[in-house]
Number of protein chains: 2
Amino acid sequence: MTARQNQSHQSVQAELLRRIHSGEWTPGAFIPGEVELAAEFGCSRTTVNRALRQLADSGIVERKRKRGTRVVPMPIARATLEIPIIRKEVTDRGGHYTHSVIKREIRTAPASINARLQLPAQELLHLQTLHLSDSRPFMFEDRWVNVSAAPGVEDASFESISPNEWLVQEVPYSDGDISFSACAADDSVAELLEIRAGSPLFLVERTTRLYQTPITTLKMYYPEGFRMSSSL
Amino acid sequence: MTARQNQSHQSVQAELLRRIHSGEWTPGAFIPGEVELAAEFGCSRTTVNRALRQLADSGIVERKRKRGTRVVPMPIARATLEIPIIRKEVTDRGGHYTHSVIKREIRTAPASINARLQLPAQELLHLQTLHLSDSRPFMFEDRWVNVSAAPGVEDASFESISPNEWLVQEVPYSDGDISFSACAADDSVAELLEIRAGSPLFLVERTTRLYQTPITTLKMYYPEGFRMSSSL
DNA sequence: TTGACTTTTATGTGTATACATAACAGCATA
DNA sequence: TATGCTGTTATGTATACACATAAAAGTCAA
């Protein structure tokens, strides 16, 4: 109970983490209140509060008013994936990035796409883009764009800048969802990616919105060998 | 420039976000300093600071001392994946969870495993577990455990509790890394998962450590159809 | 022009204080 | 017994203030 001075929220957080990792505070156990910890560490409650808040943000502890703070009973690992624009993904891996738009048409979208965008049946811009690293296929992108939510997209030239990057720069989004899975390459995708039909693909599906308004939904097909990494 | 009173950091953050999304502040542009914003919003600098800090944490803005705060020039989407223990993954999807340990032996690990664990060649515990949902294969897990870092693992019975869950409960970890990719099922995995050899699999590779000490590394093979979802 | 200083500035962080609010416990009343 | 009204308590948040610190900009002498 040695009261130290000038504890930073970082050192407090580190000590709290140590106690959790050492098993001193086990999953499910309630930990002392902010006031008590502040007294023990010889710092203000504000500092302890910030440390605990950050631990709660990262899912290590749970906090509830009046109840107190406890170590999360059944730990759920969280991995934060950073998903840059494709060009950056390629150049970060040391490749030379190019792209080519395979298909660009305005047509009535299939029901599955309207469902993904939560839109009534209507005309959407359908774009298919092949992204290349050092002239070799890197990823195939199949995208549908809600034209009315992306003004200018019909007139945009996607020669020097890919649809991916154009949208990121021109049409900000506020939220969306993303999912990852594996699938087999069908004939057309296999041909574009220059792999055998049936080969495993890493599939990323993504839909973005700007305050309720659906903007775009897309599937990105990465050939075998592609990895998405993160730390825990 | 109407100075409002009692702005919460949340409302300040919402307004800052609105300006970014509306294009009022474009990617790469510097935004006013904390003092100026505090004056505009009629709140203290502390409140603006917190709002900006949270935006920085979520990757919306970049902050540097003296330089100021600016909207991230090339936005990087971040997806936070929550990775629960397998049993929860199965029950959350409405399945009845069971598991069966296929292999359990102590042997000298292959070089690739030692490399993943950053350990010199030594004896490790090799565990293979099949996880089932409603008696049908859900995921196959191939795991190596650093016995000296997981006391008691040699004596643990993995009948009622899977190695996955045993380790999570008994051996806390402080950090690790995880990667996601797609691969084709080889003969033995295909047989266990009751799918055709060559079928696409969703592969999660994970290594955990406790303060530098490697604990375990594993590969988890999910058959086609499995999805990992998150919001942006 | 260069390099070693000082100043300025915006963010980073800690403290003391105050009040808000959710949730629980206990008591009182119908 | 059910219901409503207290407190009480722990976290949540806003404020004013102070000082730390990184980095840019300016100053000045060799």
Side-chain angles (χ1 to χ4, degrees), chain A residues 1-20 24-73, chain B residues 1-20 24-73:
Chain A
M1 195 65 89
T2 4
R4 280 155 290 180
Q5 296 283 318
N6 254 347
Q7 290 288 341
S8 70
H9 70 270
Q10 296 185 39
S11 61
V12 170
Q13 197 187 332
E15 171 61 14
L16 298 175
L17 260 180
R18 193 197 60 74
R19 294 189 187 176
I20 293 169
E24 195 170 328
W25 293 335
T26 55
F30 281 88
I31 72 180
E34 295 185 346
V35 180
E36 195 176 329
L37 288 171
E40 184 194 338
F41 291 124
C43 66
S44 71
R45 186 169 79 87
T46 318
T47 303
V48 173
N49 179 280
R50 181 161 173 189
L52 285 170
R53 183 154 36 84
Q54 286 180 346
L55 288 179
D57 286 344
S58 49
I60 313 281
V61 301
E62 276 177 354
R63 320 196 70 196
K64 242 178 201 163
R65 279 186 175 142
K66 166 76 183 170
R67 276 179 71 83
T69 304
R70 66 169 176 172
V71 183
V72 166
Chain B
M1 195 67 88
T2 5
R4 281 154 290 179
Q5 294 282 318
N6 251 347
Q7 291 288 340
S8 71
H9 70 270
Q10 295 185 37
S11 61
V12 170
Q13 197 188 335
E15 171 61 15
L16 298 175
L17 259 181
R18 192 196 60 74
R19 294 188 188 177
I20 293 169
E24 195 170 327
W25 292 335
T26 55
F30 281 88
I31 73 180
E34 295 185 346
V35 180
E36 195 176 330
L37 288 171
E40 185 195 337
F41 290 126
C43 66
S44 71
R45 185 169 79 90
T46 318
T47 303
V48 173
N49 179 282
R50 181 161 174 190
L52 285 170
R53 183 154 36 83
Q54 286 181 346
L55 288 178
D57 286 345
S58 50
I60 313 279
V61 301
E62 277 176 354
R63 319 195 70 196
K64 241 177 204 165
R65 279 188 175 140
K66 166 73 184 172
R67 276 179 71 83
T69 304
R70 66 169 177 171
V71 183
V72 165

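Throughout, protein chains are lettered first and strands after them, A, B, ... in sequence-line order, and every chain is numbered starting at 1.
Here C:dG14 presents its C1' atom at 16 Å from CZ of A:F41, a figure rounded to the nearest Å. Rounded to a whole Å, the CZ atom of A:R70 is 16 Å from the P atom of D:dA10. The CG-P distance, from A:L37 to D:dA10, rounds to 12 Å in whole Å. Across the protein-nucleic acid pair, A:E34 atom CD and D:dT9 atom P stand 16 Å apart, rounded to whole Å. Spacing between atom CD of B:Q54 and atom C1' of C:dG12 amounts to 15 Å, rounded to whole angstrom units. The interatomic distance linking B:L52 (CG) with D:dA14 (P) rounds to 14 Å, in whole Å. The distance between atom CD of B:E36 and atom P of C:dT9, rounded to the nearest whole Å, is 14 Å. In this entry the distance linking CZ of B:R63 with C1' of C:dT13 reads 12 Å, nearest Å.
The base of D:dT13 sits with one of its N or O atoms less than 3.5 Å from a complementary donor or acceptor on the side chain of A:R45.
Position along DNA chain D of the nearest nucleotide to A:N49 versus A:G68 favours A:G68 as the more 5'-ward residue. Nearest-nucleotide mapping onto DNA chain C: of A:R50 and A:R67, the residue sitting toward the 5' end is A:R50. Nearer to the 5' terminus of DNA chain D, by closest-nucleotide assignment, is the contact made by A:V35 (compared with the other of A:V35 and B:K64).
Between D:dT11 and A:T69, a contact under 4.0 Å exists linking OP1 or OP2 to a side-chain N or O. In this structure, B:T47 reaches the D:dT15 phosphate: one of its side-chain N or O atoms is under 4.0 Å from OP1 or OP2. Look at B:S8 and you'll find a side-chain N or O under 4.0 angstrom from OP1 or OP2 of D:dA14.
Under a 4.0 Å N-O distance rule, the pair A:R67/A:E62 does not qualify as a salt bridge. A salt bridge is absent between B:E40 and B:R45; no separation between the charged side-chain nitrogens and carboxylate oxygens falls under 4.0 Å.
Within the 3.5 Å criterion, the main-chain N or O of A:S11 finds a donor-acceptor partner in the side chain of A:S8.
Side-chain proximity of B:K66 to the nucleotides C:dT8, D:dC17, D:dT13 is greatest for C:dT8. For B:R65, counting side-chain heavy atoms from C-beta on, the closest listed nucleotide (D:dT13, D:dA14, D:dT21) is D:dT21.
With rounding to the nearest 0.5 Å, the separation of CZ in A:R53 from CZ in B:R50 is 3.5 Å.
Test B:I31, B:V48, B:L37 against B:T69 for side chain to side chain contact (heavy atoms under 4.5 Å, CB included) and you get one pass: B:I31.
Nucleic acid contact class of B:Q10 (heavy atoms, under 4.0 Å, all strands): sugar-phosphate only.
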